[in-house]
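Presented below is the structure to which this report refers.
The basis for the numbers below is simple: all heavy atoms, side chains too, and nothing from hydrogens, waters or symmetry mates. The sequence lines fix the lettering, A, B, ..., with proteins before strands; numbering per chain opens at 1.
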Amino acid sequence: MLKVESIHYGIVIDHITQGKGKKIFDKLNLGEADFPVVLLRNVVSSKFGKKDIIKIENRIDIDMTMLGLIDPNVTINIVEDEKTIKKMKVEIPKEVQGLFKCKNPRCISNAEDNINPLFTLVKANGTIEYSCEYCEELTSYTL
Amino acid sequence: MNLKGRHLIDPGDFSLLELESIFRLAEKIIENKDEYSQICKEKILGTLFYEPSTRTRLSFEAAMLRMGGKVLGFSDANVSSAAKGENIADTIRVLSAYADVVVIRHPKEGAPRLASKYSNIPVINGGDGGHQHPTQTLTDLLTIKKLKGSISGNTVGFCGDLKFGRTVHSLIKTLSRYPDNKFILVSPEELRLPDHLRHMLKNIAQVEIIETEDLETVIGSLDILYMTRIQKERFFNEADYVRLKDSYILTRNKLSEAKEDMLVMHPLPRVNEISYDVDEDDRAAYFKQAEFGVYARMALIAAQLGVGNNA
Ligand SMILES: [Zn+2]
């Protein structure tokens with residue numbers, strides 16, 4: 001099996017649904033990084049079949065809301081001295097602002113500049129849908 | 001119950017008790033018009049109509065004038081500051097200094113909610129796109145209360161454009177907050193109720209809904225039949241409009257299957273969805289509904305201004 005060195009100080013994004021690793025890698029702009037990063041795809045996991053993993057040899061800001069929108073199964077491990085010192089579970093965000101626009105062409109937020117609607121989670125089973133604070137239309141969202 | 005200074009953007013902004021206080025005040029006004037004829041003296045209603053709607057504007061103006069108040073505003077965004085590109089936030093901040101309460105009608109959905117964030121005076125949503133029309137809802141509820149005796153326990157049929165018909169959206173959401181109402185939704189497949197509303201009704205309000213394309217098979221079970229216009233401007237192409245517009249017309253003949261005390265309601269203006277021979281029928285309530293609309297708006301404005309409690 002492919003061997004990848006463990007990281008000393010940084011972040012491991014684990015349990016990424018197989019196939020979504022590339023998307024998260026791109027969204028976090030890791031292609032531009034000047035520190036060591038690695039995207040592992042189709043890793044055999046004891047629990048979940050296959051998964052993707054991202055290892056980052058650096059402490060960067062990770063937008064948990066965005067990650068939750070792409071893949072709510074993800075866990076984040078904060079690593080120091082090669083040990084995980086903190087584990088965080090990503091969740092489907094209850095509220096989202098600034099990551100997407102309202103899909104309703106008749107919404108005021110698409111007619112005037114500088115309007116940044118707050119979206120509230122409406123359904124969590126199956127599709128992830130958000131209600132716009134202005135027009136209340138549901139936006140089913142995929143990043 | 002104190003509604004002074006409050007906005008009305010969505011009927012859900014007011015509790016059932018607060019709605020009840022408006023209906024009680026409206027009923028007092030109906031019984032004793034003279035006592036309320038000067039309660040808004042020195043007060044100004046701003047009317048920001050970004051799209052023309054003569055009936056709604058006249059109903060608001062009549063309401064304010066009947067209470068001795070004054071009216072200030074525009075009724076066509078083309079000749080207003082909006083045409084010069086001024087945004088809603090700036091317009092409302094300026095108008096807050098000129099008027100005591102303001103009604104906004106706007107083709108874009110959510111515009112009145114946006115305005116309320118920047119306003120120092122109470123904002124009333126006078127209709128926003130296909131979204132909400134809460135003062136029509138107050139009008140409809142007052143009509144049901146006056147003519148049916150109760151806003152609860154009715155089987156209410158909605159017929160026509162249930163997709164874009166904002167009067168329907170506002171009313172159905174509000175009626176679902178009252179106990180024991182059932183809904184029968186009659187529309188062509190293309191103009192069914194939006195998913196988010198159906199989801200809200202079934203899963204959150206947990207009310208009974210029946211959806212059908214055929215008015216005649218269900219009319220006999222209704223306590224109230226709410227007719228709506230199939231609006232040409234909501235269609236993306238002419239062919240769909242022409243194909244669908246005549247499918248949902250109420251005639252005297254269809255009405256013969258309905259209960260003796262069923263109410264026929266309509267937000268007006270109608271095009272041809274209720275034929276003229278229905279007007280003579282005792283069940284036709286739509287002109288009374290328009291009259292109640294003025295009283296409902298009077299009570300709302302008075303409550304928001306905090307006047308008329310002692311009249
Ligand atoms: Zn919106």
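- Within a 6.0 Å sphere centred on NZ of A/K89, heavy atoms belonging to other residues, nucleotides or ligands number more than 12.
- Within a 6.0 Å radius of CG in A/N114, no more than 12 heavy atoms belonging to other residues, nucleotides or ligands are found.
- Contact annotation for A/N110: neither backbone nor side-chain heavy atoms come within less than 4.5 Å of a heavy atom of chain B.
- What you find for A/E112 and B/I88 is that their closest heavy atoms are OE2-N, 3.0 Å.
- With chain A as partner, the option from B/H131, B/H106, B/R113, B/H199 having the largest number of non-hydrogen pairs under 4.5 angstrom is B/H131.
- Minimum heavy-atom separation, A/C135 to B/E109: CB-CB, 3.7 Å.
- Other residues, nucleotides and ligands contribute over 12 non-hydrogen atoms within 6.0 Å of the NZ atom of A/K20.
- Separating the NZ atom in B/K173 from the CD atom in A/E136 is a distance of 3.5 Å, to the nearest 0.5 Å.
- By number of non-hydrogen pairs under 4.5 angstrom with chain A, the leading residue of B/G110, B/P112, B/A111 is B/G110.
- Proximity to chain B is absent for every atom of A/P117, based on heavy atoms less than 4.5 angstrom apart.
- Counted within 6.0 Å of NZ on B/K182, heavy atoms from surrounding residues, nucleotides or ligands total 12 or fewer; the atom is thus considered open.
- For B/Y98, the OH atom sits in a loose shell: 12 or fewer heavy atoms of surrounding residues, nucleotides or ligands are nearer than 6.0 Å.
- Contact of the B/D195 side chain with the A/E129 side chain is not registered, since no non-hydrogen atoms from C-beta on lie closer than 4.5 Å.
- Inspection of non-hydrogen atoms places no residue of residues 55-63 of chain A under 4.5 Å from chain B.
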